[in-house]
Peer 1: 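Please see the structure below; I have some questions.
Note that the structure is a prediction, hence the values are computed from the model and not measured.
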Amino acid sequence: MRKHLIHFLLVSVPIVCTATSAFAQTTVKGQVVDVESGEPLIGAAVTVEGTSQGSVTDIDGNFVQKVGNNATLVFKYLGYKDVTKKISQRGTVNLGVIRMEPDAVMLKDVTITSSVAVARKTPIAVSTLEPTFIEERLGNQEFPELLKSTPSVYTSKEGGGYGDSEIMVRGFGSANTAVMINGVPMNDMEWGGIYWSNWAGLSDVSRSIQIQRGIGASKLSSPSVGGSINILTSALETKTGGALSYNMGNSGENKILFSISSGMTKNGWAFSILGSKKWGDGYVYGTEGESYSWYVNIAKRIGDNHSLSLVATGAPQSHYKRYDKLTIEEWQRQKHVGIGAGYRYNATYGFDDAGREYHGTNYNYYHKPQISLNHIWAINHKSSLSSSLYMSIGSGYGYRGVGSNYSAFYGASNGVPNTTYRRDDGTFDYGALKRDNAEAANGSLAALAKNMNNHIWVGLLSTYSTKLAKNLDLQVGIDLRYYKGMHKAKVVDLMGGEYVIDTDRAKVEYMKDNVAWQNERLYIGDVVYRNFDSFIGQYGVFGQLEYSNDKLSVVVSGNANIASNQRYGHFYVKDEKSSIERKIGFGAKGGANYNLTEHHNVFANIGYFSRTPFFSGGVFLNSQSSNVVNPDSRNEKVLSYELGYGYVSSMWNVKLNLYRTTWNDRSIQKTLTSAQESPYLIMNGVNALHQGIELEFTCRPIRDLTVTGMFSIGDWKWAKDGVAGRVYDRNGQALDYNNNVVPVGSPEQAIYYTNMKDIKVANSAQTTAALGVTYQVMKGLRVGMSGNFTGRNYADYDIASQAVKATKDNPVVELVQPWRMPSAYVFDANVSYRFKIANLDATWTANCFNLFNDNYVMRALDNGAKTGGHGWEDATVFYGFGRTWNMGLKVRF
């Protein structure tokens, strides 16, 4: 790893040192305050328009900023109207007091004010991406990839399909990283994660992104473990106008976008509308996708004390996926087979005899519009009430196989493409599968079913804020959520056969004697193997007390919630509702920030919370097929604490953090064999330890040059031996050591004890570094280059290869440290040019990702079940994308 780091620095550092120009500059001073109270605004952004040059105000609201000739300063602060000042003088200019007015109509002021961290005040580790960065750097990356240069963040594209990216924060996955849009929680109510493909248009409407690592500042009744990503959508514009843009990129990618805003009318109305379409073939073969994103914001000021805004956004999308990891040897072989796809190979991509393209089960469609009605009430000069009533309506589906041999749809097994239906060029032979289905005596051997996942989710998030004393503020609120999920599967394509028989019917206990029903011929539209509803409620409260003066800020907060889970089965059980499982969660956190001087600050925080288990993978043994409740389910316990230091000056902004998080009583499910119908082990009481150091900095050595960088090193590992796990089948039935069904929790049920202490957390690089430069070559023209290093990234462990060694007499599973992936360093480059077209503002951007076309492994699974080893030869992997590019033009009117 040291060699790779040196290589990384040798390539990157010379880029930083290439700037040799110097320009005459003006020094501008001043103080930024609230227009009503006159109190200084700490951490207000002071930027030079059209550049990345800027600074933040200190604890007294003061700033010092150097600018070029005839520059314009822009002052920004969350919840306030922007202020601009033209600087035409030279030498030293004192602007005096700049008074900023609150902007109650801005959407981001509705519920987020209490969830956004303030520099040199909120005692947490935080990084913020501003609109210019998002516009210039996104290109054809997926949304989470914007955060890849943030400390302790690892992003990957998983299989490489449209919207299939993943993000890990301090080693915690999406289920343990809260994602909020304008303060409203987005994580799935059933399992806690995020499907980024459902938010394909989010980058189009994002005004800024703030990632808070650790316990964070979010005001929710159930906090996250690893951190939170707070996305603020575009605020209403103060003037009439709009924009048009077109982007194109590799693999036939295209995107068109328009937006229009009315500005604020005299009677207090305003609206903004945005729409876009994106389509392309996909970098990976057979992963074409299409999405439409839309966004509407309608607002009304009511007198001086009230404002309402209705915000709705969504992104109906369809795309094909890639599920199958291959061995490294097999990836290399694909370079020379047929179409020569190499790392772009997709084992399920193929054609039928008529030349029609097929993708097997690798298809996804979804639309999840999010609608919220937001109200702000300025009760008096000390108190306010901010509320958001929101609703999410999800509808969509993916494909899955059904029939006596639905595994025929599997593109690969144990990292090698299946050969039963394989053409000489490496593509999947769907024509042969259709012929076999047509000739089969008992209908289609393998047909396609549509796995429908629909939901209705309503919630209310409301925060009351008041000033108890000059330096003491109180915030209390409610966080109420109710969710109903509807899950059903229907036959959608018989793949050449006349009908199909659902072999899962033989597993339905209450119909075990009805042979005619089990062998019923099913046709297009008939329900198969899955039909259930989920009912989830979460009702909580939170509160925060904050003391702050010119140097010290102290925050203490707490939360509590009641979570209820119920399952209504319509297939494996006979129209039967489970019991309502209720658990109580709670948490408390506190922290302090102290500004030693106008340049230096330190902070510390600590938090503890008990989080209720999820519906899926927690409360129920198998939420897809069984109403049986996991008898060992328990709340997860998290203890986290952190120390931080910050330094800010006209040239430097440096942040250093040390953190330690213990995460106890997790539940984890793992299959015990590689077989299709493998029993699985539910391990309860799993403990983990996540600790590390993070460094982040921005440097502006000269007017037109900005250097950014970060370094983080973590130690994320499982922390307990002898973790007890009970064995179940795929229908949630308890099994003994001979795989016979026994009563759940009975003495006969098989129990294995897994030794997993010091096994590394998987698929999240524990050492990361980044270095980037942006240089303004001339007015409006900016070029940039950045490099990212990832190291100490481990494959996910495979329990099957070790479980086969365990016996009834010695039921101990000894895990072996999985394969460590090679370190990787990847460089990106970007160019942006702002100019005029017919007196309209225009911006041209171009990006090249993985500039040097490096090959690197981004995700891996220890596939020791195949060979018994734990090295690179045994791992199944996904490679990162090679060189890709994107360019676009945006015109504002």
Peer 1: Do any N or O atoms from the side chain of K637 and from the backbone of N635 form a donor-acceptor pair under 3.5 angstrom?
Peer 2: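 Yes.
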
Peer 1: Enumerate the salt bridge (Lys or Arg N to Asp or Glu O under 4.0 Å) contacts for residues 621-630, please, sequence neighbours excluded, ordered by first and then second residue.
Peer 2: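 Residue pairs with at least one partner in residues 621-630: there are none.
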
Peer 1: Are I478 and L461 packed together at the side-chain level, in the sense that at least one heavy-atom pair is separated by less than 4.5 angstrom?
Peer 2: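 Contact flag for I478/L461 side chains = no.
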
Peer 1: Under the 3.5 angstrom rule, does the side chain of Y753 hit a backbone N or O of D721 as a donor-acceptor pair?
Peer 2: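 Checked: no pair found.
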
Peer 1: I'd like to know if the side chain of E142 and the backbone of Y162 have a donor-acceptor N/O pair within less than 3.5 Å.
Peer 2: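 Answer holds: no.
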
Peer 1: Classify the ring geometry of Y608 against F586: parallel below 30°, tilted from 30° to 60°, perpendicular beyond 60°.
Peer 2: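 Because their plane-to-plane angle lies in the 30° to 60° range, the rings of Y608 and F586 count as tilted.
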
Peer 1: Considering only heavy atoms from C-beta outward, does the side chain of D575 approach that of Y568 to under 4.5 Å?
Peer 2: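 D575 vs Y568: side chains touch.
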
Peer 1: Within the structure provided, determine whether V555 and L545 are in side-chain contact (heavy-atom separation under 4.5 Å).
Peer 2: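 Side-chain contact under 4.5 Å: no.
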
Peer 1: Take H455 and S392, measure what side chain to side chain donor-acceptor pair (under 3.5 Å) needs, and give me the verdict at the end.
Peer 2: CA-CA 8 Å; H455 75 252; S392 171; 3.0 Å; yes

Peer 1: Under 3.5 Å, side chain of N187 to main-chain N/O of G192, donor-acceptor pair present?
Peer 2: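 Such a contact is found between N187 side chain and G192 backbone.
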
Peer 1: Is the shortest side-chain heavy-atom distance between P316 and Y365 below 4.5 Å?
Peer 2: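 In short, these two side chains touch, coming nearer than 4.5 Å.
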
Peer 1: Take T671 and S678 through the test side chain to side chain donor-acceptor pair (under 3.5 Å) and record every step on the way to the result.
Peer 2: CA-CA 6 Å; T671 56; S678 168; 4.7 Å; no

Peer 1: Check the orientation of Y737 and Y752. Use parallel for under 30°, tilted for 30 to 60°, and perpendicular for over 60°.
Peer 2: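 The rings of Y737 and Y752 stand perpendicular, inter-plane angle above 60°.
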
Peer 1: Using modelled atom types and a 3.5 Å cut-off, is there a donor and acceptor pairing between side-chain atoms of S746 and backbone atoms of V742?
Peer 2: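 Such a contact is absent between S746 side chain and V742 backbone.
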
Peer 1: Hey, is the main chain of P613 close enough, under 3.5 Å, to the side chain of K583 for a donor-acceptor pair?
Peer 2: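 Flag not set: sc K583 to bb P613 has no pair under 3.5 Å.
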
Peer 1: Hey, could you give me the CD/NZ distance between E166 and K157, rounded to the nearest 0.5 Å?
Peer 2: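 Here the interatomic distance stands at 12.5 Å.
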
Peer 1: Is the shortest side-chain heavy-atom distance between W457 and Y390 below 4.5 Å?
Peer 2: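 Yes - at least one pair of side-chain heavy atoms lies under 4.5 Å apart.
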
Peer 1: Using a strict cut-off of less than 4.0 Å between a Lys/Arg side-chain nitrogen and an Asp/Glu carboxylate oxygen, indicate whether E576 and R567 qualify as a salt bridge.
Peer 2: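 So E576 does not pair with R567 through a salt bridge.
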
Peer 1: So with a 6.0 Å cut-off around CD1 of I751, is the heavy-atom count from everything else above 12?
Peer 2: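 Check passes, neighbour count above 12.
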
Peer 1: Are the side chain of N739 and the backbone of P679 linked by a donor-acceptor contact shorter than 3.5 Å?
Peer 2: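 Flag not set: sc N739 to bb P679 has no pair under 3.5 Å.
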
Peer 1: Can you tell me how far the CD1 atom of I584 sits from the OG1 atom of T612, to the nearest 0.5 Å?
Peer 2: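 Spacing of CD1 (I584) from OG1 (T612) equals 10.5 Å.
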
Peer 1: For the side chain of R505 and the backbone of W517, is there at least one donor-acceptor N/O pair under 3.5 Å apart?
Peer 2: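 Present.
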
Peer 1: Around atom CD1 of I456, are there more than 12 heavy atoms of other residues, nucleotides or ligands at under 6.0 Å?
Peer 2: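 Counting other residues, nucleotides and ligands, CD1 of I456 stays at 12 neighbours or fewer.
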
Peer 1: Donor-acceptor check, side chain of D796 to backbone of N763, threshold 3.5 angstrom: yes or no?
Peer 2: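 Side chain of D796 to backbone of N763: no pair is present.
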
Peer 1: Are the side chains of R611 and V225 in contact, using a 4.5 Å heavy-atom criterion?
Peer 2: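 They are in contact (side-chain heavy atoms under 4.5 Å apart), so the answer is yes.
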
Peer 1: Can you sort out the partners of Y154 under ring-ring contact (aromatic ring centres under 6.0 Å, His included), two or more places apart, ordered by chain and number?
Peer 2: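 For Y154, no residue satisfies ring-ring contact (aromatic ring centres under 6.0 Å, His included) once neighbours in sequence are set aside.
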
Peer 1: Looking at N755 and G722, would you say the former's side chain and the latter's main chain have a donor-acceptor pair under 3.5 Å?
Peer 2: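 Confirmed, N755 side chain pairs with G722 backbone.
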
